[in-house]
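A quick write-up on the structure given underneath.
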Amino acid sequence: MILTESFYRRENVVQIAKELLGKLLVTNFDGERTSGIIVETEAYAGVSDKASHAFGARRTKRTEVMYASGGIAYVYLCYGIHHLFNVVTNDKDVPHAVLIRAVEPVTGLDTMLHRRKKEVLLPALTAGPGAMSEALGIKTTHSGISLLSKEIFIEHTDTVIGESDIVCGPRVGVSYAQEDALLPYRFYIRGNRFVSRPKTG
DNA sequence: CAAACGATTTTCT
DNA sequence: GAAAATCGTTTGG
């Protein structure tokens with residue numbers, strides 16, 4: 001069962017980030033279907049969040065898609081190399097988003113290995129926002145695409161994540177955001193091998 | 001028009 | 001553990 005607009009268009013982006021854990025992210029690009037269970041997310045709370053591209057109601061061509069109604073993808077290029085995938089939430093003109101940082105591979109393993117130029121399945125295949133996007137074939141050209149489309153969507157699974165299996169902590173790579181860098185907006189599934197490791201590896 | 005800067009990953013020491 | 005790779009977006013002149 002696919003997540004619908006009512007899931008994305010809610011107000012509490014932190015709550016949505018937490019609920020996305022255990023859901024299945026599916027892409028259908030180039031006739032290849034790939035998917036994975038979401039195991040790590042981060043919330044970006046729009047205009048009041050210094051770590052967000054939309055902080056202070058900054059509105060540019062790149063961030064414009066975050067101001068649309070929830071239920072679409074926001075993809076941007078980071079460090080000139082990595083395509084980072086976000087889910088836009090809340091209503092129109094409220095630029096909230098959830099960064100999907102890692103998934104556990106489920107469908108299309110061969111396709112993902114090929115895209116990542118890897119031979120064997122290791123957590124590094126999809127652990128981390130840049131790696132995950134590459135494995136699923138997500139690029140900046142997909143920014144603004146609907147998550148209710150056949151090319152990319154998120155669906156419910158039988159995997160139920162209990163409150164005790166969710167770990168929260170500060171976000172990764174946002175030290176420039178000063179006091180907001182400490183907010184517990186990062187969520188991941190306790191003990192999952194495919195969760196990314198900040199710093200030490 | 002020029003220049004600095006990342007919501008990162010990989011590779012080398 | 002440190003550093004390079006690499007480029008679109010944003011900001012300043």
Side-chain angles (χ1 to χ4, degrees), chain A residues 8 13-14 16-18 20-21 25 36 38-68 70 72-90 94-105 112-145 147 154 167-188 193-201:
Chain A
Y8 300 108
V13 66
V14 175
I16 293 174
K18 188 193 280 190
L20 281 172
L21 294 176
L25 174 59
I38 296 171
V39 299
E40 181 180 1
T41 63
E42 281 181 6
Y44 284 83
V47 301
S48 63
D49 182 355
K50 289 185 179 178
S52 171
H53 291 160
F55 172 67
R58 203 161 58 231
R59 193 161 187 154
T60 65
K61 187 175 182 182
R62 177 177 65 156
T63 62
E64 186 64 29
V65 297
M66 278 201 284
Y67 289 82
I72 64 175
Y74 168 48
V75 187
Y76 78 97
L77 189 67
C78 185
Y79 293 100
I81 305 172
H82 306 290
H83 301 257
L84 271 56
F85 171 74
N86 298 253
V87 171
V88 176
T89 71
N90 216 309
V94 184
H96 287 183
V98 176
L99 171 69
I100 308 300
R101 292 189 54 87
V103 302
E104 177 175 332
M112 289 192 270
L113 287 171
H114 183 253
R115 283 172 177 158
R116 294 274 291 135
K117 299 179 175 59
K118 302 283 187 184
E119 298 294 326
V120 296
L121 174 59
L122 293 174
L125 182 70
T126 56
M132 178 217 78
S133 295
E134 185 175 33
L136 294 179
I138 299 172
K139 302 189 185 66
T140 55
T141 52
H142 300 123
S143 194
I145 192 174
L147 297 179
I154 299 174
V167 183
C168 72
R171 290 172 292 187
V172 177
V174 296
S175 55
Y176 60 87
Q178 303 171 42
E179 72 273 17
D180 286 342
L182 302 176
L183 293 171
Y185 281 6
R186 173 174 180 245
F187 300 94
Y188 59 94
R193 293 188 309 146
F194 294 89
V195 171
S196 69
R197 315 258 186 93
K199 295 286 186 183
T200 62

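So that the names make sense, note that chain A is the first sequence line, chain B the second, and so on, each numbered from 1.
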Using the ring-ring contact (aromatic ring centres under 6.0 Å, His included) criterion, which residues pair with H82(A)? Sequence neighbours excluded.
none

Which residues pass the ring-ring contact (aromatic ring centres under 6.0 Å, His included) test with F85(A), not counting sequence neighbours?
none

Intra- and interstrand pairs of DNA chain B - dot-bracket, Watson-Crick/G-U under 3.5 Å, | marks other strand:
||||||.|||||.

Decide yes or no for P105(A) and L125(A): does some side-chain heavy atom of the first lie under 4.5 Å from some side-chain heavy atom of the second?
yes

Quick one: does E119(A)'s side chain get under 4.5 Å of L113(A)'s, heavy atoms only?
no

If you draw a 6.0 Å radius around CD in E179(A), do more than 12 non-hydrogen atoms from other residues or ligands fall strictly inside?
yes

Enumerate, atom names and distances included, each donor-acceptor pair closer than 3.5 Å involving a side-chain atom of residues 180-188 of chain A, sequence neighbours excluded.
{"unit_1": "D180(A)", "atom_1": "OD2", "unit_2": "K50(A)", "atom_2": "N", "d": "2.8"}
{"unit_1": "R186(A)", "atom_1": "NE", "unit_2": "E40(A)", "atom_2": "OE2", "d": "2.7"}
{"unit_1": "R186(A)", "atom_1": "NH2", "unit_2": "E40(A)", "atom_2": "OE2", "d": "2.8"}
{"unit_1": "R186(A)", "atom_1": "NH2", "unit_2": "S196(A)", "atom_2": "O", "d": "3.2"}

If the threshold is 4.0 Å, N to carboxylate O, is there a salt bridge linking E134(A) and R116(A)?
yes

Does Y44(A) have any side-chain hydrogen bond (donor to acceptor under 3.5 Å, both in side chains) partners at least two apart in sequence or in another chain, and if so, which?
E42(A)

Just the rounded figure in Å: distance from P of dT9(C) to CD of E64(A).
14 Å

Protein-to-nucleotide contact annotation, 5' to 3' order, nucleotides 4-13 of chain B [B base; S sugar-phosphate only; - none; under 4.0 Å, heavy atom]:
--BBBSS---

